[in-house]
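Note that these values count all heavy atoms, side chains included, but never hydrogens, waters or copies made by symmetry.
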Amino acid sequence: CILSIWTATCWVDLLDSFHFFYLWYAMPALQEQGRMTEVELVDENIVLKGATRGAKACAIGMIMVPKILIACLLWWLGARWLVATTSFQDLLLNAVALAFITELDELIYMSLMPGDIQNMVQMFKIASPPRKEKQAKAKVATQDSAAASMPDDKAQGKMVACESRGEADPDFVAFRDRRLKLLMSQMALTALVVVGFPMLYMYHLQQVLPG
């Protein structure tokens, strides 16, 4: 059980790293024109809209990839340490120590960085890539504007016909179904990792317990 909790802790960190990895990878690449990034002020936040290939490679290679490798190595060493613990009291103390290690970087940042710099860092955001949901909503808005430009009798007849058939926008319905399947797949993958990795480690990878 403690090993599953430790796996879940590391998996949350890995998911966060994979999310930022995807944001940097899917970010539009800028041409080399004397600037490395393109930012925009949105609701008092500085949003990163694009970056050059060199800047993207540096961010992924020097930040994201080491962060993912450190999380995997930390899970491996922490699992070995927890499995090697002989008593329940020591197991709880070791688990608390591992949790402290995972929060150590945040603790150092919060204690050393001034509050103004922390507020400034929180203002920087990375723009999400365009999704099909926004395209579907844009299509619906276009259809609504087109319907608004129709004569009243034609627009009313079209709305009544759609409501009588009980139909929704097919693109939006397809996106909703894909989104639901994706969320269910993510939940199943998380459960598989949290339960399966500790079992795999206990029975096939660990070298502490006999047999």
Side-chain angles (χ1 to χ4, degrees), residues 5-81 97-138 175 178-194 196-197 201:
I5 296 175
W6 170 241
T7 303
T9 303
C10 295
W11 181 245
V12 170
D13 190 21
L14 279 174
L15 287 180
D16 186 65
S17 300
F18 287 144
H19 174 67
F20 281 101
F21 184 95
Y22 169 73
L23 290 179
W24 276 101
Y25 179 79
M27 183 182 301
L30 301 178
Q31 301 296 329
E32 300 288 346
Q33 295 181 351
R35 58 177 183 176
M36 299 182 63
T37 59
E38 179 182 356
V39 297
E40 182 180 351
L41 185 62
V42 179
D43 295 334
E44 299 183 355
N45 292 322
I46 302 175
V47 181
L48 181 62
K49 294 288 187 177
T52 60
R53 296 183 184 276
K56 292 171 61 176
C58 289
I60 293 175
M62 301 180 64
I63 300 177
M64 295 293 100
V65 173
K67 194 171 186 296
I68 293 173
L69 295 178
I70 289 173
C72 295
L73 181 61
L74 185 61
W75 175 84
W76 178 265
L77 296 177
R80 292 187 62 182
W81 194 24
L98 288 174
F100 172 75
I101 292 175
T102 57
E103 300 293 335
L104 187 59
D105 56 342
E106 296 289 340
L107 179 61
I108 294 176
Y109 171 76
M110 296 295 292
S111 60
L112 294 182
M113 289 293 105
D116 295 339
I117 297 181
Q118 295 181 23
N119 295 332
M120 183 179 63
V121 170
Q122 291 179 358
M123 292 175 58
F124 286 89
K125 310 291 181 182
I126 300 178
S128 299
R131 296 181 179 180
K132 294 183 178 180
E133 180 184 15
K134 296 181 180 179
Q135 298 176 0
K137 291 182 178 179
F175 169 80
R178 288 194 300 269
R179 183 65 177 174
L180 180 60
K181 292 179 181 179
L182 178 61
L183 293 176
M184 296 299 294
S185 301
Q186 290 178 352
M187 293 175 59
L189 178 61
T190 300
L192 179 63
V193 169
V194 172
F197 272 31
Y201 180 83

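Distance check, rounded to the nearest 0.5 Å: SG of Cys10 to CD1 of Ile5 gives 12.5 Å. To the nearest 0.5 Å, the span separating NZ on Lys67 from SG on Cys72 amounts to 11.0 Å. In this structure, OG1 on Thr7 lies 10.5 Å from CG on Leu14, to the nearest 0.5 angstrom. To the nearest 0.5 angstrom, Thr190 atom OG1 is 6.0 Å from Trp11 atom CH2. Rounding to the nearest 0.5 Å gives a distance of 9.0 Å between CG of Leu98 and OG1 of Thr9. Rounding to the nearest 0.5 Å places CG of Leu74 at 12.5 Å from CG of Leu69.
Considering only heavy atoms from C-beta on, Leu23 comes within 4.5 Å of His19 through its side chain.
Contact detail for Pro66 and Gly61: the closest heavy-atom pair is CD-O, 3.3 Å. Taking both residues in full, the closest heavy atoms of Asp13 and Ala71 are given as OD2-CB, 4.0 Å, listed atom of the first, atom of the second, then distance. Ala55 and Trp24 get closest at one heavy-atom pair: O-CZ3, 4.4 Å. Closest approach of Ser17 to Ile68, counting heavy atoms only: CB-CG1, 3.7 Å. The two atoms that bring Leu30 and Met36 nearest to each other are CD1-O, 4.3 Å, heavy atoms only. Closest non-hydrogen pair, Trp6 versus Trp75, comes out as NE1-O, 3.2 Å.
Within 6.0 Å of the CE atom in Met110, the count of heavy atoms belonging to other residues, nucleotides or ligands does not exceed 12. Other residues, nucleotides and ligands contribute over 12 non-hydrogen atoms within 6.0 Å of the OH atom of Tyr109.
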Cut-off 3.5 Å, no hydrogens considered: what does the side-chain donor-acceptor table look like for residues 39-51, sequence neighbours left out?
none

